[in-house]
Amino acid sequence: MLRTTFVFLTSALLAMFFVAAQTSLSNLWWLSSVDMPITGSIIISMVLSDLIGMSVAGAFPIIAVVAAGLVIAFFVAHILSKFISTERKILYALAGGAALFAIVVLMPLAFYNLDLIAGARTSLGKGILIIGGMIAGYYFGVKSKKVVTNEES
Amino acid sequence: MKSLKSGVLLIGLFLFSALIHSNEVAYKTEVIVEGLDNPWSIAFVSENHWLVTERSGDLRTVKDGILQSDPVAGVPEVLFAGQGGLSEVLLHPNFSENRLVYLSFSESDSVETKLNRLTVVRGRLEENSLLEVKTIFNSYPLRKTAAHYGARMKFMADGTLLITSGDGFNYREKAQALDNHFGKIVRVNDDGSIPANNPFLNTPGALPEIWSYGHRNLQGLVISDDGSVFEHEHGPKGGDELNVVEPGRNYGWPAITYGVDYSGAIISPFTEQPGMEQPIQHWVPSIAPSGMTLYQGDMFPMWKGDLFISALVPGDVRRIELDGEKAIKETIMFNEFGRIRDVASALDGSLILATDGANGQLIRVSAVK
């Protein structure tokens, strides 16, 4: 259980990293396009600042939203795994993608179409974050499976 | 007996709280009108005849301090959603002769019904009806969001009309491009035609209405007697700005800002850049500036020439003393009424505050004689 929790938190952090990095890089890309003086140190510091800032310093903690989305999606995947013979890692990857889809596509519909995550304002950005969710889910599917296998053996 | 004493004490406290001395200026506050549905803007036809917009779509009339039951007829249908709805009401400089009233509002597109825009119309006010309503400005392009419309208006001394057009929230980068109306102040003639001396008239690809750019959500606009244009705008999380606006200038959003995103993400690591203007004042954390008036009345001589900025967070009015185009002192006032949506100078020299929300009030601030 402790290890599953650790794997889940790592998975949530992985998804959060994609959210923060995509937001930072899309902002930096645009700033560079209007000739703002972007340097390597600015890129590194902005990605790190966003990872921390979006986790704890926002008007709402995005990491909590991401974690809540993944908890729900993984729970549904866990139920489905009892009835579907799909590979576990694929099922959780789809669940992770669905969680991020809900956050970046469905959630704005409740807020007058406002994309509160800047990195998700374009279709490309939304796609990247959904793929990020799939990677986080895949990681959870692989690592949590190992835990179960070890406990059972 | 005990309840009588308590009652007397409460009345005493009420009177004490209603008569307040601020910077040696004695004033009293009184609620004039209650029950307004999200009041947004006030225009004074005469001392006893006011027009008030309700964001839900009605233009209401207050006569002799009494809210009239019937709204003004003929106001176009608005999109009342998010931050959108019926916004500014403004009288033409020659209103006494032509009876022209200008309204800004958000509206859904008739074809692409899921998209919307900022629209400005003008109409002739006769009795309690708006007649001959004509659209004089439509923001371009359409947006899917119901936020950041700007929607403030003011006439310049030459009779042209300035209109603030917000960045639409999702479209902030477009504030730096001249091919759209997001994050702009636009300038049109009183019939919506383009003035011949607009700054980007001869710039390839630029929309000819644009007067200044690089703004976010502009909610306050005043013009002083000497022609200085003061504008304030909501920042993101922090970074609200008070600017002096010049034609053709770039005010930087979102390439430079003193705020961060609501998500906590950095929007830009830069606060200044050559070719981009600096605010004369900025606020971190945000005060959510919502309206503004330049006090020119005689009721409060000490306030003459000062800006009064209404604020939604935490809910007060900021009195900004000016030295020319510089802000030299800020005083927090009227912080007992909650979120304040607008502040206006009435013709008798009193200040009128409009509180925000579904049970909005108009509160008069007048001198104690």
Side-chain angles (χ1 to χ4, degrees), chain A residues 16 19-39 41-66 103-104 107-123 125-126 129, chain B residues 79-85 106 108 114-116 142-149 166-178 182 213-214 217 235-238 250 252-257 259-276 285-286 288 313:
Chain A
M16 186 62 210
V19 171
Q22 161 61 15
T23 297
S24 306
L25 295 176
S26 60
N27 279 344
L28 287 162
W29 181 268
W30 178 78
L31 286 166
S32 177
S33 75
V34 291
D35 299 327
M36 298 300 285
I38 303 299
T39 61
S41 62
I42 285 176
I43 294 171
I44 293 166
S45 69
M46 199 156 148
V47 171
L48 291 174
S49 293
D50 284 350
L51 191 58
I52 296 165
M54 294 179 80
S55 297
V56 297
F60 54 97
I62 289 185
I63 194 163
V65 176
V66 169
I103 291 168
V104 301
M107 204 169 73
L109 300 178
F111 296 98
Y112 310 105
N113 292 314
L114 303 185
D115 288 314
L116 298 173
I117 297 171
R121 281 182 295 147
T122 62
S123 298
K126 286 180 171 67
L129 294 188
Chain B
L79 171 67
F80 178 45
Q83 297 173 354
S106 52
S108 296
K114 289 185 177 175
L115 303 179
N116 70 91
L142 295 168
R143 63 178 73 191
K144 67 175 183 176
T145 56
H148 292 199
Y149 291 98
D167 73 349
F169 193 93
N170 281 13
Y171 314 97
R172 66 189 186 202
E173 286 83 3
K174 292 182 184 295
Q176 284 296 315
L178 295 172
F182 290 116
Y213 66 109
N217 188 22
K237 189 166 172 280
N250 178 359
W253 173 255
I256 59 172
T257 178
V260 299
D261 229 336
Y262 294 116
S263 65
I266 293 170
I267 295 163
S268 169
F270 307 103
T271 55
E272 52 189 62
Q273 176 74 358
M276 297 181 185
S286 290
V313 179

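Computed over heavy atoms, backbone and side chain alike; hydrogens, waters and symmetry mates excluded. Below, read A as the first sequence line, B as the second, and so on, with proteins coming before strands; counting in each chain starts at 1. Remember, predicted model here, so these are calculated numbers, not experimental data.
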| field | Within-4.5 Å side-chain heavy-atom neighbours: P254(B) and W30(A) | value | yes
| Where does L114(A) contact chain B at under 4.5 Å (heavy atoms): side chain, backbone, both or neither? | both
| note | Here the pair of heavy atoms bringing G119(A) nearest to S26(A) is CA-OG, 3.7 Å
| said: With a 4.5 angstrom heavy-atom cut-off, is it the side chain or the backbone of L116(A) that approaches chain B, or both, or neither? | reply: both
| request: Would you confirm whether S263(B), through its side chain, and I117(A), through its main-chain N or O, come within 3.5 Å as a donor-acceptor pair? | output: no
| E173(B), part contacting chain A, at a heavy-atom distance under 4.5 Å | both
| query | Is there side-chain contact between D167(B) and K174(B), with heavy atoms separated by less than 4.5 Å? | reply | no
| Is chain B contacted by the side chain of P37(A), its backbone, both, or neither, given a heavy-atom distance below 4.5 Å? | both
| request: Taking Q176(B) for its side chain and W253(B) for its backbone only, find out whether a donor-acceptor pair lies under 3.5 Å. | output: yes
| query | Is R143(B) close to F182(B) at the side-chain level, that is, under 4.5 Å between some pair of heavy atoms? | reply | yes
Under 3.5 Å, side-chain donor or acceptor atoms of residues 265-272 of chain B against the rest of the protein: list the pairs with distances, not counting sequence neighbours.
unit_1  : atom_1 : unit_2  : atom_2 : d
S268(B) : OG     : A255(B) : O      : 2.5
S268(B) : OG     : F270(B) : N      : 3.1

| request: Using non-hydrogen atoms and a 4.5 Å limit, figure out which bit of D261(B) sits close to chain A: side chain, backbone, both or neither. | output: side chain
| For T145(B), does its backbone N or O pair with a side-chain atom of N116(B) as donor and acceptor, under 3.5 Å? | yes
| query | Considering heavy atoms only, which positions within residues 44-51 of chain A lie below 4.5 Å of chain B? | reply | M46(A), S49(A), D50(A)
| query | Aromatic rings H148(B) and F169(B): how do their planes relate, parallel, tilted or perpendicular, breaks at 30° and 60°? | reply | perpendicular
| message | Counting only non-hydrogen atoms closer than 4.5 Å, does K144(B) touch chain A with its backbone (N, CA, C, O), its side chain (CB onward), both, or neither? | response | both
